[in-house]
Amino acid sequence: MVEQTNQLMNQAPASLEELESGSASFSALVQQLTLIVGEAGILFDADELLVYECDGYIVDKTAPDIVVFPTTTAQISTIVKLCNQFNVPFLARGAGTSLSGGCLPIGGGVMIVLTKMKNILEINLRDRYAVVEPGMVNLHLTNALKGTGYHYAPDPSSQGACTIGGNIATNSGGPHTLKYGVTTNHLLGLEAVLPDGSIIELGGPTAEVPGYDLHGLYVGNEGTFGICTKAIVRLTRDPESHRTMLAIFQTIAEATRAISEIIAAGIIPSALEMMDQGIIQAVEEAFHFGFPLDAGAVLLIEVDGLEIALDEEVRQILEICNSCNVRDIQRADTPEERLLIWKSRKQAFGAIGRLSPSYCTQDGVVPRTRLPEILEFIEETSNRYGLRIVNVFHAGDGNVHPILLFDERDKEQIQKVMEASEAILEKCLELGGSVTGEHGIGVEKINFMSRIFNQIDLATMETVRHIFNPRQICSRDKVLPNHQTDGSSKITQSHPTRRAPH
């Protein structure tokens with residue numbers, strides 16, 4: 001068996017069609033996976049697999065051939081070793097909220113879903129860390145820490161659904177990124193199963209560990225370095241006080257000028273978010289917050305810190321907004337009003353369902369001073385392609401999220417969405433920005449990598465990935481372009497009819 005496994009390890013990943021006709025059969029793989037996770041922990045019926053054919057990026061769809069639901073690190077390790085033995089590609093999935101195709105199982109294979117691994121293993125307030133499993137929903141950790149005086153700072157807009165493991169994979173940020181940073185700034189250590197099935201621990205509960213920052217390297221790998229099975233996250237002390245405001249502007253230009261001037265004044269808000277008229281109308285129709293439907297843009301501005309310092313910061317912000325012709329400023333005077341304001345932002349994406357049957361959320365970055373230019377270009381792109389595009393984004397750090405509305409049943413509209421998205425991201429690069437701020441590259445933006453990095457850069461990244469994932473059997477065809485080895489085959493097998501594990 002060892003000799004056979006070594007031979008398989010040197011081969012390219014096989015398709016499940018090849019498994020059917022070879023000595024290692026599909027039914028044997030299902031049988032052995034069932035022994036690991038139980039009959040309730042595996043799916044392989046075609047209709048059940050459709051649920052996992054895409055993540056939040058719905059333009060591309062490919063269903064896996066088998067889905068398994070492990071509950072322990074040991075199970076994941078055994079599953080991964082089995083995939084290596086059968087020479088079948090695999091990838092991990094959390095809540096499926098990725099917006100760049102990070103969970104897309106290119107060609108099929110085995111999908112390892114981590115949603116059953118959702119426990120908090122430890123909360124240590126004295127040393128300011130928590131240990132959680134990868135399927136832990138971000139918001140559930142926030143709720144568990146309420147009343148302790150501490151919180152976990154990264155809070156993506158999908159906080160109510162996304163998982164800590166997924167946040168680590170894409171180095172997620174969120175509305176409070178401007179002041180508190182992204183996931184890598186709050187991850188102290190992790191446990192992971194490497195693509196060969198071995199288990200490693202990187203970093204630890206202390207703020208500094210000797211040697212290379214390997215857990216920092218691991219963050220943002222988008223699943224190509226293996227599967228995170230445990231995370232040690234930093235806990236941040238709650239600020240003494242907050243001031244939360246909604247600034248309503250007649251035009252986007254006035255709102256973006258206020259953004260630049262607030263930062264130029266040396267004020268670093270804990271959050272500085274913008275919603276344009278399209279989002280305002282959708283949110284108002286859904287939740288009735290009282291937004292003026294004729295407003296061009298709304299800024300959600302929050303500052304936090306010591307009570308004694310906040311009033312002066314608010315005074316400066318109000319002065320700047322007034323100089324930029326703000327129409328009105330609404331302030332949250334109670335915790336309940338603050339939560340209501342934040343609800344309007346966090347549930348904006350859910351409200352978009354009232355505008356269109358499908359939508360594609362883009363993720364580009366520009367310098368803050370170039371926000372008026374990219375927003376003007378987005379409007380031009382909307383008119384050019386005949387697509388409605390609305391905007392809600394992290395204005396404080398220039399991370400724009402144009403949302404392209406379409407009907408995925410119309411192939412012509414899908415093509416327009418792809419072309420318009422590419423044009424917007426090209427413009428972000430032209431303005432000195434990037435094609436992603438927090439969603440990652442996934443499969444959606446691979447073609448942009450050679451436009452951002454030269455061949456030496458890409459070769460260096462390839463070398464690093466090869467250390468973790470030499471066979472490229474884990475999360476195939478993600479992040480880096482043209483990396484597929486000669487002779488490797490994609491899985492193109494259509495989903496088989498039900499085969500009961502024997």
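Bear in mind that the values here come from a model prediction, so they are computed numbers and not experimental data.
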Considering only NZ, NE, NH1 and NH2 on the basic side and carboxylate oxygens on the acidic side, decide whether K427 and E430 come within less than 4.0 Å.
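Looking at K427 and E430, the cut-off is met.
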Residues E222 and K478 bridged, charged N to O under 4.0 Å
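No.
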Is there side-chain contact between [X] and [Y], with heavy atoms separated by less than 4.5 Å?
| X | Y | answer |
| --- | --- | --- |
| V233 | L141 | yes |
| I123 | L145 | yes |
| Q415 | K411 | no |
| N167 | I164 | yes |
| R476 | L91 | no |
| F249 | L299 | yes |
| I120 | M136 | yes |
| S157 | R345 | yes |

Whether the side chain of [X] engages the backbone of [Y] through a donor-acceptor N/O pair (distance < 3.5 Å, no angle test) should be reported.
| X | Y | value |
| --- | --- | --- |
| D276 | I279 | yes |
| Q413 | D407 | yes |
| D363 | E438 | yes |
| E284 | G290 | yes |
| S323 | I320 | yes |
| T163 | G94 | no |
| D304 | R243 | no |
| T436 | I441 | no |
| N119 | L121 | no |
| D55 | C103 | yes |

Quick one: side-chain contact (heavy atoms from CB on, under 4.5 Å) partners of [X], sequence neighbours excluded?
| X | result |
| --- | --- |
| L306 | E240, I308 |
| A192 | L190, I200, Y218 |
| K116 | F69, T71 |
| N185 | V182 |

Quick one: ring pair (Phe, Tyr, Trp, His ring centres under 6.0 Å) partners of [X], sequence neighbours excluded?
| X | answer |
| --- | --- |
| H394 | H401 |
| Y152 | none |
| F453 | none |
| F448 | none |

What heavy-atom pair brings [X] and [Y] nearest, and what distance separates the two atoms?
| X | Y | result |
| --- | --- | --- |
| F393 | V400 | CB-CA, 3.5 Å |
| V390 | G278 | CG1-CA, 3.6 Å |
| R368 | G398 | CG-N, 4.0 Å |
| S450 | L458 | CA-CD1, 4.0 Å |
| V392 | M275 | CG2-CG, 3.6 Å |
| L188 | P205 | CD1-O, 3.5 Å |

Can a donor-acceptor pair be found between the side chains of [X] and [Y] at a distance below 3.5 Å?
| X | Y | answer |
| --- | --- | --- |
| Q472 | E462 | yes |
| T236 | R234 | no |
| H215 | D213 | yes |

Run D477 and V443 through side chain to side chain contact (heavy atoms under 4.5 Å, CB included) and show every step you take.
CA-CA 7 Å; D477 300 323; V443 299; 5.7 Å; no
Decide yes or no on side chain to side chain contact (heavy atoms under 4.5 Å, CB included) for E419 and Y385, but give the supporting numbers first.
CA-CA 9 Å; E419 293 176 6; Y385 287 94; 3.4 Å; yes
With rounding to the nearest 0.5 Å, note down the distance linking CG in L300 to CE in M274.
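Answer for the CG-CE pair, L300 versus M274, is 12.5 Å.
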Out of curiosity, L371 CG to S260 OG, how far, rounded to the nearest 0.5 Å?
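One gets 6.5 Å once the value is rounded to the nearest 0.5 Å.
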What residue pairs, at least two apart or across chains, pass salt bridge (Lys or Arg N to Asp or Glu O under 4.0 Å) with a residue in residues 329-339?
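Those involving residues 329-339 are E302-R338.
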Please list all pairs passing the salt bridge (Lys or Arg N to Asp or Glu O under 4.0 Å) test where one or both residues lie in residues 126-138, with sequence neighbours left out.
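The answer is none; no pair qualifies.
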Under 30°, 30 to 60°, or over 60°: which ring-plane class applies to F225 and F468, parallel, tilted or perpendicular?
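Aromatic pair F225/F468 classed parallel.
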Candidate pair L114 and I227, rule side chain to side chain contact (heavy atoms under 4.5 Å, CB included), full reasoning
CA-CA 9 Å; L114 303 172; I227 302 172; 3.9 Å; yes
Keeping to residues at least two apart or across chains, list the ring-ring contact (aromatic ring centres under 6.0 Å, His included) pairs with something in residues 290-346.
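For residues 290-346: H176-W342, F289-F291.
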When you look at CZ of R409, are more than 12 heavy atoms from neighbouring residues, nucleotides or ligands closer to it than 6.0 Å?
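No, not enclosed.
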Show every side chain to side chain donor-acceptor pair (under 3.5 Å) that has at least one partner inside residues 371-384, sequence neighbours left out.
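Pairs touching residues 371-384 that pass the test: R370-E373.
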Hey, mind stepping through V314 and I317 against side chain to side chain contact (heavy atoms under 4.5 Å, CB included) and telling me if it holds?
CA-CA 5 Å; V314 170; I317 290 171; 5.6 Å; no
